[in-house]
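These notes are about the structure you will find just below.
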Amino acid sequence: MYDESFIGQNIDIAAALLKKGEAVAIPTETVYGLAANALNPKAVAKIFHIKQRPTFDPLIIHLPSFDAISDYVYEVPSEFKLLAEKFTPGPITFLLKKKEIINDLVTAGSLYVAVRIPAHPVTLALLNNIDFPLAAPSANPFGYISPTTAKHVADQLGNKVYYILDGGPCDVGLESTIVGMDENGKIEILRKGGLSVENIISVVGNVSVREISSSNPEAPGMLSTHYAPTIPVILGDLSSCTLGADPDRTGILTFRNFLPHISTKHQVVLSPSGNFMDAARNLFSGLRYLDTCPIDVIYAELLPETDLGIAINDRLRRASYKTKS
Ligand code: TXA
Ligand code: MG
C-alpha cells in the first residue's frame, strides 16, 4: 500500500527531488509521466528500473518551450516548425537528430531523440523551475495501461516513487502523437495519439502513417501488445459477440450505448453523446476500471476510424492483441 502523503501539488518538492537525481511522477495533458533529469544517466536509469522497462525502448524528453530545443537537437525541418507553431505546447512529439548532450540511454542508442512540450500548467511551471529537460515515459509498469490520474500512478508505482505531482485528471487522455521525417522528407506519424492525423494534415498536407508492427527495430517500444489490461480484451460487434457470454462475468467497453443484456456495473460507455475527445479522456480510466471488475473477459467495440477514433482504436487493438494468437 502507498502513503497518500506522497501525492501532492508542490512544484518545489518535485523540482528539488529531480535536481537530486530522483524520479518523480508528473501530470501532462496526455497521460502522467515518470520523470527524471534527462541529462543525468543515473537518474534516467531509475525510470527504466521503476517501470521495469527494457532499455531498448527510448524516452521522450520534455521541455518548457519549442525554442529551448536547439540546445539538444540539430536542424529542425520547416514542417516541424509549422506544426510546433500551431500545436505546441500540446500532444505532439517530434523526432529530431540529437546533440551529444543527450545520452544514448535516453534514445536507446538512436541518433534521434523524441522531444515534446507538454500543455499542462503545473508541469510547464516545473520545467521553468529547472535547467534540464525531463525524460518521461508514461508512469505505468511497462506494457500496462497509461495513467490519467495521480491515483492511477499511486495504485501501481506508489511504493516506488518519492513524489507524485498531482495535476488532476488528464485532459486529453491519450499519449502524444509522434512525428518523424521519412527518407523522402515527408512527415511520418510513428504513433497515433492525442493530436489527430487530420489536424496534422491540415498544416503540412499529406503524411504517411506507420501501422502497428510486432517488432520494428526502427520504432523500438511501439510494440503490438501494449496498453493492455490483465483481463483479456476481445474486439468485435458487441451485440453478436456477447450473445453466449455470461452476463455477470462479462465487461463491456462501448462508444455510446449500454448493452441491454449485460450487468451495467461492468460496462463503460466512453461518450454517450459520441464525442471523440470525451471518449479519449475516458478510455484508459475505463479500461482500468474494467480490469478491477470480477469478470472473465472485456468485449470492446472499435470507434469510427476518424479524428481521435483513429488513436483510440490503435490503443484498443494493442490492448486486445494478446488475445489473438
Ligand atoms: O504523451 C506522451 O507522449 C507521454 C507523456 C508522459 O509525455 N509519454 C509517453 O512516453 O507516452 P512513452 O515512453 O510511454 O512512449 C514513448 C514512445 C515509445 O513507444 C518509444 O519507443 C517512442 O516513443 N520513442 C521515444 N523516443 C524515440 C526515439 N528516439 N525513436 C523512436 N521512438 C522513440
Ligand atoms: Mg508508455
(message) Rounded to the nearest 0.5 Å, what separates atom CD1 in Ile252 from atom CG in Leu290?
(response) 9.0 Å

(message) Any side-chain to backbone donor/acceptor pair from Ser320 onto Arg317? Under 3.5 Å, distance only.
(response) yes

(message) With side-chain contact (heavy atoms from CB on, under 4.5 Å) as the criterion, how do Asp307 and Asn199 come out once you've worked through the C-alpha distance, each side chain's angles and the decisive distance to 0.1 Å?
(response) CA-CA 8 Å; Asp307 199 321; Asn199 264 320; over 6 Å; no

(request) Go through the steps for Ile11 and Val122 under the test side-chain contact (heavy atoms from CB on, under 4.5 Å), then give the verdict. (result) CA-CA 7 Å; Ile11 292 171; Val122 171; 4.1 Å; yes

(message) Any side-chain to backbone donor/acceptor pair from His152 onto Thr148? Under 3.5 Å, distance only.
(response) yes

(request) Would you please test Ser196 and Ile310 for side-chain contact (heavy atoms from CB on, under 4.5 Å) and show each step? (result) CA-CA 8 Å; Ser196 71; Ile310 293 175; over 6 Å; no

(message) Give me the atom names and distance for the closest heavy-atom approach of Ile50 to Ala23.
(response) CD1-CB, 3.8 Å

(message) Can you tell whether the side chains of Arg53 and Asp57 come within less than 4.0 Å, N to carboxylate O?
(response) yes

(message) Looking at every heavy atom in both Gly194 and Leu308, which two are closest together, and how far apart are they?
(response) O-CD2, 3.5 Å

(request) Mind checking the CG-CG spacing from Leu83 to Leu195? Nearest 0.5 Å is all I need. (result) 8.0 Å

(message) For a 4.5 angstrom cut-off between non-hydrogen side-chain atoms, does Asn40 reach Val44?
(response) no

(message) I want to check a possible cation-pi pair here: Lys99 against Tyr74, using under 6.0 Å from ring centre and within 45° of the ring axis as the test.
(response) yes

(request) Give a yes or no on whether the backbone of Gly309 and the side-chain of Asn313 come within a donor-acceptor separation of less than 3.5 Å. (result) yes

(request) Kindly compute the distance separating CD1 (Ile26) from CG (Leu127), expressed to the nearest 0.5 Å. (result) 6.5 Å

(request) Determine, using the 4.5 Å side-chain heavy-atom cutoff (strictly less than), whether Ile69 and Leu124 are members of one ILVMFWY cluster. (result) yes

(message) Checking the side chain of Arg116 only, and the main-chain atoms of Gly90 only, is there a donor and an acceptor separated by less than 3.5 Å?
(response) yes

(message) Counting only heavy atoms not in His261 (residues, nucleotides, ligands), do more than 12 fall under 6.0 Å from its NE2?
(response) yes

(message) Donor-acceptor check, side chain of Glu29 to backbone of Ala119, threshold 3.5 angstrom: yes or no?
(response) yes

(message) Do Glu22 and Tyr163 have side chains that approach each other closer than 4.5 Å (heavy atoms only, starting at C-beta)?
(response) no

(message) Could you tell me if Ser273 and Arg256 have a donor-acceptor pair between their side chains, going purely by distance under 3.5 Å?
(response) no

(message) Please give me the minimum heavy-atom distance between Ser176 and Ile60, naming the atom from each residue.
(response) OG-CD1, 4.1 Å

(message) Applying salt bridge (charged side-chain N to carboxylate O under 4.0 Å, His left out), can you list everything that pairs with Arg281, at least two apart in sequence or on another chain?
(response) Asp278

(request) For this output row, return yes or no: ring centroids of Phe255 and Phe276 closer than 6.0 angstrom. (result) yes

(request) Mind checking side-chain hydrogen bond (donor to acceptor under 3.5 Å, both in side chains) for Asn10 and listing every partner two or more places apart, or none if nothing turns up? (result) none

(message) Could you check whether any side-chain N or O of Asp291 sits under 3.5 Å from a backbone N or O of Thr230, counting only pairs where one atom can act as donor and the other as acceptor?
(response) yes

(request) Kindly compute the distance separating CG (Leu253) from CG (Leu238), expressed to the nearest 0.5 Å. (result) 8.5 Å

(request) Identify the two heavy atoms, one from Val268 and one from Tyr289, that lie closest to each other, and give their separation to 0.1 Å. (result) CG2-CD2, 3.8 Å

(message) With heavy-atom distances below 4.5 Å as the criterion, would you say the side chains of Phe284 and Val31 are in contact?
(response) yes

(message) Whether the Gln267 and Thr254 side chains hold a donor-acceptor pair (N or O, under 3.5 Å, no angle test) is what I'd like checked.
(response) no

(request) Describe, in one word, how the ring planes of Phe94 and Phe80 are oriented to each other, choosing from parallel (under 30°), tilted (30 to 60°) and perpendicular (over 60°). (result) tilted

(request) Please report the shortest heavy-atom distance between Gly180 and Leu190, naming the atom on each side. (result) N-CD1, 3.4 Å

(request) Report the distance from atom CZ of Phe87 to atom CZ of Phe66, rounding to the nearest 0.5 Å. (result) 13.0 Å

(request) Step through the shown structure and confirm whether more than 12 heavy atoms of other residues, nucleotides or ligands are within 6.0 Å of CE on Met181. (result) yes

(message) Please determine whether residues Ile234 and Phe258 belong to a single hydrophobic cluster, defined as Ile, Leu, Val, Met, Phe, Trp and Tyr linked transitively by side-chain heavy-atom distances below 4.5 Å.
(response) no

(request) Measure the shortest side-chain to side-chain distance between Leu302 and Leu235 over non-hydrogen atoms and say whether it is less than 4.5 angstrom. (result) yes

(request) Return yes if some donor-acceptor pair links the side-chain N/O of His120 with the main-chain N/O of Gly167 below 3.5 Å, else return no. (result) yes

(message) With heavy-atom distances below 4.5 Å as the criterion, would you say the side chains of Leu39 and Pro133 are in contact?
(response) yes

(request) Mark yes or no for whether Arg249, through its side chain, and Pro294, through its backbone, hold a donor-acceptor pair below 3.5 Å. (result) yes

(request) Verify side-chain contact (heavy atoms from CB on, under 4.5 Å) between Arg288 and Gln156, making sure each step is shown before the conclusion. (result) CA-CA 11 Å; Arg288 275 176 186 262; Gln156 292 185 304; 3.1 Å; yes

(message) I'd like to check Tyr72 versus Ile101 (side-chain heavy atoms, cut-off strictly below 4.5 Å). Are they in contact?
(response) yes

(message) Are Leu259 and Tyr299 packed together at the side-chain level, in the sense that at least one heavy-atom pair is separated by less than 4.5 angstrom?
(response) no

(request) Count the heavy atoms belonging to other residues, nucleotides or ligands that lie under 6.0 Å from NZ of Lys186, then report whether that count exceeds 12. (result) yes

(message) Any side-chain to backbone donor/acceptor pair from Thr177 onto Lys192? Under 3.5 Å, distance only.
(response) no

(request) State, without any angle test, whether Asp248 and Ser263 hold a side-chain donor-acceptor pair at a distance under 3.5 Å. (result) no

(message) Under 4.5 Å between side-chain heavy atoms, counting indirect links through other Ile/Leu/Val/Met/Phe/Trp/Tyr residues: same cluster for Val269 and Leu303 or not?
(response) no

(message) Once rounded to the nearest 0.5 Å, what's the spacing between atom OG1 of Thr250 and atom CD1 of Ile295?
(response) 7.5 Å

(message) Please tell me whether Ser138 and Asn140 have a donor and an acceptor in their side chains that are separated by less than 3.5 angstrom.
(response) yes

(request) May I ask you to decide if Tyr112's main-chain N or O and Ser110's side chain share a donor-acceptor pair within less than 3.5 Å? (result) yes

(message) Using a strict threshold of under 4.0 Å (side-chain N to carboxylate O), is an ion pair present between Arg210 and Glu188?
(response) yes

(message) Could you work out, with side-chain hydrogen bond (donor to acceptor under 3.5 Å, both in side chains) as the rule, every residue matching Thr88, not counting sequence neighbours?
(response) none

(request) Consider only side-chain N and O atoms of Thr306 and Glu198, and report whether a donor and an acceptor are under 3.5 Å apart. (result) yes

(request) Work out which heavy atom in Ile130 is nearest to a heavy atom in Lys19; give both atom names and the distance. (result) CG2-CE, 3.9 Å

(message) I want to check something: taking the side chain as every heavy atom from C-beta on, are Leu18 and Leu126 in contact at a cut-off of under 4.5 Å?
(response) yes

(request) In plain terms, say whether Arg315 and Glu175 are close enough for a salt bridge, that is, a side-chain N and a carboxylate O under 4.0 Å apart. (result) yes

